[in-house]
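Please read the structure below before turning to the comments.
Just so we're clear, the structure is a prediction, and the values are computed from it rather than from any experiment. Order of listing sets the numbers, starting from 1, for every ligand and every atom in it. Computation of the quantities below employed the complete heavy-atom set of this structure, encompassing side-chain atoms and omitting hydrogens, waters and symmetry-equivalent molecules.
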Amino acid sequence: MNDCIFCKIIKGEIPSSKVYENEKLIAFNDISPKAPTHILIVPKEHIESSACLSGREDISGAVFNAVAHLAKELNLENGFRVVTNCGRDGRQSVPHLHFHLLAGKELSEDM
Ligand code: DGP
């Protein structure tokens, strides 16, 4: 999508600090980190949110393969959290599906 900030990052029109990429997705550091490790895992296809993932096991599978890969590569043996916000009540601010990978400290009990 032309005016989508994550599509622009995927196309290289906006710089990002990329940590991983494959044919289906890209992962880069969040601009406003909420933990020492705060990576966004973003499918390259413009999908609005997790509400649109029905039947898209190719995407959900690729995302969680990337999570496992990054957890190993970044030595996240103490654990991590994966979050995807959806829609207004979920406080999704960028309407392009993405998963937050948070780690590097004991995270809040609050979701
Ligand atoms: P959410 O609120 O779940 O939609 O999360 C969107 C996240 O995207 C938020 O944590 C900040 C991050 N973000 C927004 N714009 C940019 C950007 O231009 N670059 C990077 N690296 N992150 C961004």
Tell me which protein heavy atom sits closest to [atom], plus the residue, atom name and distance to 0.1 Å.
{"atom": "atom 10 (O) of ligand 1", "answer": "Asp30 OD2, 2.5 Å"}
{"atom": "atom 13 (N) of ligand 1", "answer": "Ile31 CG2, 3.7 Å"}
{"atom": "atom 15 (N) of ligand 1", "answer": "Ile5 CD1, 4.1 Å"}
{"atom": "atom 21 (N) of ligand 1", "answer": "Asn29 O, 2.9 Å"}
{"atom": "atom 1 (P) of ligand 1", "answer": "His98 NE2, 3.2 Å"}

Short N or O distance, [X] and ligand 1, threshold 3.5 Å exclusive:
{"X": "Arg91", "answer": "yes"}
{"X": "His100", "answer": "yes"}
{"X": "Val94", "answer": "yes"}

Please check if atom NZ in Lys72 has more than 12 non-hydrogen atoms from other residues, nucleotides or ligands closer than 6.0 Å. no

Is the number of heavy atoms from other residues, nucleotides or ligands under 6.0 Å of Glu13 CD greater than 12?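 Yes, enclosed.
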
Does [X] reach the side chain of [Y], with side-chain heavy atoms less than 4.5 Å apart?
{"X": "His100", "Y": "Lys34", "result": "no"}
{"X": "Val94", "Y": "Leu40", "result": "no"}
{"X": "Asn29", "Y": "Ser16", "result": "no"}
{"X": "Thr37", "Y": "Phe80", "result": "no"}

Short list, please: which atoms of ligand 1 are under 4.0 Å from a heavy atom of [X]?
{"X": "Gln92", "result": "4 (O)"}
{"X": "Leu40", "result": "8 (O), 12 (C), 22 (N)"}
{"X": "Asn85", "result": "1 (P), 2 (O), 3 (O)"}
{"X": "Phe28", "result": "20 (C), 21 (N)"}
{"X": "Ser93", "result": "1 (P), 2 (O), 4 (O), 5 (O), 6 (C)"}
{"X": "Ile9", "result": "17 (C), 18 (O), 19 (N)"}

Can you tell me how far CD1 of Ile39 sits from CD1 of Ile26, rounded to the nearest 0.5 angstrom? 12.0 Å

Same cluster or not: are Leu74 and Leu102 linked, directly or through other Ile, Leu, Val, Met, Phe, Trp or Tyr residues, by side-chain heavy atoms under 4.5 angstrom apart?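 No, because Leu74 and Leu102 fall into different hydrophobic clusters, even though each may have its own neighbours under 4.5 Å.
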
With backbone taken as N, CA, C and O and side chain as the heavy atoms from C-beta onward, which portion of Phe6 lies under 4.0 Å from ligand 1: side chain, backbone, both, or neither?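 Within the 4.0 Å criterion, Phe6 contacts ligand 1 through side-chain atoms alone.
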
Go through the steps to decide whether Tyr20 and Leu70 satisfy the test side-chain contact (heavy atoms from CB on, under 4.5 Å), and finish with yes or no. CA-CA 8 Å; Tyr20 179 70; Leu70 288 165; 4.0 Å; yes

Aromatic ring proximity, centroids under 6.0 angstrom, His98 and His96: no

Any heavy atom of Val83 sitting closer than 4.0 Å to ligand 1? no

